Amino acid sequence: MSITARRRPADHGWFTSSRSNNGNQCVEVRFEGDAVQIRDSKFRRNPMNRGLDEPIITVPASVWTTFLDCLLAQRPHPSLTTQHAADGATTLRHGSTALHFTPAEWDAFVAGVRDDEFACV
């Protein structure tokens with residue numbers, strides 16, 4: 001499977017699901033060569049985070065593609081894991097890096113995955 005991004009809507013390469021809240025709080029993804037980067041847009045808007053390194057998960061495109069397949073099939077992925085809290089929040093973890101998403105953010109992301117917005121082709 002090729003790793004060329006199907007979608008590159010922003011100048012800087014970061015994009016969100018078309019179902020997200022106007023990009024204000026969401027899962028953001030960027031295709032960077034043979035890698036896929038994931039971050040949480042609300043991290044940058046929190047004044048408490050100024051001066052901190054922004055957590056970004058970086059995985060090979062092949063891992064990302066498998067993760068999307070697992071997500072749609074509601075199966076766990078071995079290295080890009082999700083943990084769902086009782087309140088509906090989701091933590092996406094790879095190694096020691098964790099990103100925390102609200103229920104609305106994660107639902108918008110999953111809807112975008114279903115619409116094939118995050119696929120590598």
Side-chain angles (χ1 to χ4, degrees):
M1 186 176 252
S2 173
I3 54 169
T4 304
R6 176 173 307 193
R7 180 178 167 182
R8 292 184 183 269
D11 299 358
H12 59 313
W14 290 101
F15 66 95
T16 64
S17 169
S18 63
R19 309 283 186 98
S20 67
N21 182 14
N22 297 321
N24 289 333
Q25 293 186 354
C26 47
V27 179
E28 290 186 307
V29 174
R30 175 170 67 175
F31 297 105
E32 191 67 33
D34 292 347
V36 177
Q37 296 179 316
I38 310 110
R39 69 182 182 186
D40 182 350
S41 65
K42 69 183 173 294
F43 180 88
R44 293 182 316 285
R45 280 183 287 289
N46 183 343
M48 298 295 291
N49 293 329
R50 288 203 175 98
L52 298 175
D53 287 336
E54 178 179 4
I56 296 176
I57 293 174
T58 302
V59 296
S62 59
V63 169
W64 179 248
T65 299
T66 304
F67 170 73
L68 296 180
D69 291 342
C70 288
L71 188 64
L72 291 175
Q74 298 181 344
R75 291 186 327 240
H77 186 275
S79 65
L80 195 53
T81 61
T82 56
Q83 296 171 314
H84 305 286
D87 68 356
T90 298
T91 298
L92 178 64
R93 182 178 305 276
H94 185 260
S96 63
T97 304
L99 303 174
H100 307 284
F101 299 101
T102 67
E105 292 168 336
W106 192 253
D107 290 347
F109 171 68
V110 172
V113 171
R114 284 190 194 109
D115 290 345
D116 213 22
E117 294 178 343
F118 295 99
C120 297
V121 292

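Quick caveat, the model's predicted, so the values are computed rather than measured. We use all heavy atoms of the structure for the numbers below, so side chains are in, but hydrogens, waters and symmetry mates are not.
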Looking only at heavy atoms, which two atoms of Pro103 and Ala89 are closest? And how far apart? CG-N, 3.6 Å
Atom NE2 in His77, atom CG in Asp69: separation rounded to 0.5 Å? 9.0 Å
CG (Leu80) and CG (Leu92) are apart, to the nearest 0.5 Å, by 4.5 Å
For Ala98 and Thr91, the nearest pair of non-hydrogen atoms, with its separation, is CB-CG2, 3.9 Å
Answer with yes or no whether the side chains of Glu117 and Ser17 bring together a donor and an acceptor at under 3.5 Å. yes
On a heavy-atom basis, the closest approach of His84 and Trp106 is CE1-NE1, 3.8 Å
Do Thr82 and Phe101 pass the side-chain contact (heavy atoms from CB on, under 4.5 Å) test, and can you show the C-alpha distance, the side-chain angles, and the key distance before you say yes or no? CA-CA 10 Å; Thr82 56; Phe101 299 101; over 6 Å; no
Output for pair (Leu99 CG, Ile57 CD1), nearest 0.5 Å, gives 4.0 Å
If you measure from CD on Gln83 to NE2 on His100, what distance do you get to the nearest 0.5 Å? 9.0 Å
Decide yes or no for Ser79 and Val63: does some side-chain heavy atom of the first lie under 4.5 Å from some side-chain heavy atom of the second? yes
Shortest non-hydrogen separation from Cys70 to Pro76 and the atoms involved: SG-O, 3.8 Å
So, for Cys26 and Glu105, which heavy atoms are closest and what is the spacing to 0.1 Å? N-OE2, 3.6 Å
Point-to-point distance, once rounded to the nearest 0.5 Å, from CG of Leu71 to CZ of Arg114: 8.0 Å
dist Arg39:CZ -> Thr97:OG1 (nearest 0.5 Å) comes out at 14.5 Å
Plane angle bin for Phe118 and Trp64 - parallel if under 30°, tilted between 30 and 60°, otherwise perpendicular: perpendicular
